[in-house]
Visitor: 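Before I ask anything, here is the structure I am working with.
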Amino acid sequence: MKQLDAEILENRELAENYFELFLRWPEGVRVPFPGQIVSFRVESGTSPFLRRPFALASFQRETRVASIIYHVRGPATERLAQKRPGDVVDTLGPRGFYFQVEKEHRPLLVGGGVGTGPVVFAANWLASKGYEPHLILGYRTAAAFPKLELGPLVRLTVCTDDGTRGFHGTTVDFLGTLPPSDREDAFVWACGPNAMLKAVHEWSFPQGIPCKVSLEEVMACGVGACVGCTVETTDERQMVRLCTEGPVLPSEVIRWT
Ligand code: FES
């Protein structure tokens with residue numbers, strides 16, 4: 001993990017209150033992988049805002065441009081939405097455990113809301129390795145569906161709660177419609193609201209489909225000191241800190257409540 005002054009290249013509105021922020025990734029900073037996060041100090045100097053973690057949504061090796069997808073839902077993200085090309089943001093990263101390929105070969109990537117970025121990153125990354133990922137994204141309504149850049153091997157299914165676009169229902173409702181041939185040799189990576197992650201776990205685990213999830217918690221210190229980002233686990237650790245032992249974890253390790 002490194003501290004870097006990342007130059008903003010673009011701050012693009014993708015959908016209502018959803019933005020994608022593109023950053024120049026300096027030479028010498030480790031290449032990030034899907035599931036990893038960066039944390040921004042949104043304001044410098046005496047700002048009251050703590051560092052905010054954001055999951056990476058893309059990284060282009062050739063141009064060294066990275067991006068995050070974020071939702072404007074408070075003062076810090078409102079400030080972020082005001083950033084313009086040429087502005088510099090104090091950034092820590094990349095950090096955290098990332099999604100790693102399983103021995104299974106059929107990727108099912110499930111995301112929703114701010115969980116869109118990491119699974120889009122994962123889908124494009126897997127496609128660049130020759131996989132044919134099925135990306136399943138869920139939103140309340142068609143207006144929330146962001147414009148995305150996807151590789152040609154990525155198969156996209158959009159689900160909306162109100163049926164205004166794609167499949168009418170949740171991502172987990174859609175998973176339930178997959179024929180056995182689509183579940184065979186599958187693995188799941190998921191990111192989004194906790195209720196969705198729990199439902200994805202409850203769908204995949206009984207079928208023996210390996211599932212990894214990227215959890216979101218507020219991270220105050222971001223370095224393992226404040227114990228503010230812990231989740232309970234079913235293993236001997238009993239608890240892990242997402243900032244140092246996550247954010248990506250096997251779903252069966254989490255004590256879902
Ligand atoms: S954010 Fe402080 S321990 Fe994780």
Side-chain angles (χ1 to χ4, degrees), residues 1-6 19 21 23 25 29-57 59 66-81 83 88-100 111-119 121-122 189-198 200-201 211-257:
M1 180 171 66
K2 229 176 168 167
Q3 189 279 331
L4 51 131
D5 288 326
F19 288 77
L21 183 79
L23 302 163
W25 198 254
V29 179
R30 222 161 16 94
V31 165
F33 288 96
Q36 287 196 296
I37 53 181
V38 288
S39 55
F40 293 154
R41 190 181 295 285
V42 176
E43 294 279 284
S44 54
T46 55
S47 162
F49 299 127
L50 298 167
R51 283 187 179 276
R52 298 294 164 120
F54 296 94
L56 287 152
F59 178 71
S67 72
I68 60 155
I69 292 176
Y70 65 98
H71 183 212
V72 177
R73 56 181 174 187
T77 44
E78 279 166 14
R79 299 283 176 97
L80 201 55
K83 300 282 183 195
V88 166
V89 58
D90 175 345
T91 305
L92 271 182
R95 57 196 174 86
F97 289 93
Y98 46 88
F99 288 116
Q100 298 198 41
V114 286
T116 302
V119 289
F121 188 4
W189 292 351
C191 187
N194 269 8
M196 184 199 88
L197 298 181
K198 181 182 179 200
V200 170
H201 165 73
C211 174
K212 290 199 175 132
V213 296
S214 179
L215 292 168
E216 291 170 12
E217 283 289 336
V218 175
M219 294 184 190
C221 74
V223 293
C226 73
V227 202
C229 63
T230 53
V231 293
E232 288 188 42
T233 62
T234 56
D235 61 12
E236 66 288 348
R237 293 174 293 178
Q238 297 189 9
M239 258 182 197
V240 295
R241 291 159 300 180
L242 289 180
C243 67
T244 52
E245 292 141 283
V248 174
L249 292 165
S251 68
E252 72 273 17
V253 162
I254 296 157
R255 190 176 298 284
W256 298 100
T257 52

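Remember, it's 1-based here, ligands and their atoms both numbered in the order they're listed.
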Visitor: Treating Thr234 as the side-chain partner and Glu252 as the backbone partner, does any N or O pair qualify as donor plus acceptor under 3.5 Å?
Guide: yes
Visitor: I need the contact type for Val227 against ligand 1. Using non-hydrogen atoms and a strict under-4.0 Å cut-off, is it side chain, backbone, both or neither?
Guide: backbone
Visitor: Under 4.0 Å from a heavy atom of Cys226: give me the atoms of ligand 1 that qualify, with their elements.
Guide: 1 (S), 2 (Fe), 3 (S)
Visitor: Return the minimal non-hydrogen interatomic distance between Ser214 and Leu197, and the atom names on each side.
Guide: O-CD1, 3.6 Å
Visitor: Hey, does the side chain of Trp25 reach the backbone of Arg30 with a donor-acceptor pair shorter than 3.5 angstrom?
Guide: yes
Visitor: Can you list the ligand 1 atoms lying under 4.0 Å from a non-hydrogen atom of Ala225?
Guide: 3 (S)
Visitor: Counting from 1, what ligand 1 atoms have a heavy atom of Cys243 closer than 4.0 Å?
Guide: 1 (S), 3 (S), 4 (Fe)
Visitor: Would you say Cys229 has an N, O or S atom lying under 2.8 Å from atom 4 (Fe) of ligand 1?
Guide: yes
Visitor: Say whether, by atom type as modelled, one donor and one acceptor occur between the side chain of Thr233 and the main chain of Gln238 under 3.5 angstrom.
Guide: yes
Visitor: Determine which pairs satisfy salt bridge (Lys or Arg N to Asp or Glu O under 4.0 Å) with at least one residue from residues 226-235, sequence neighbours left out, and list them in order.
Guide: Glu232-Arg255, Asp235-Arg237
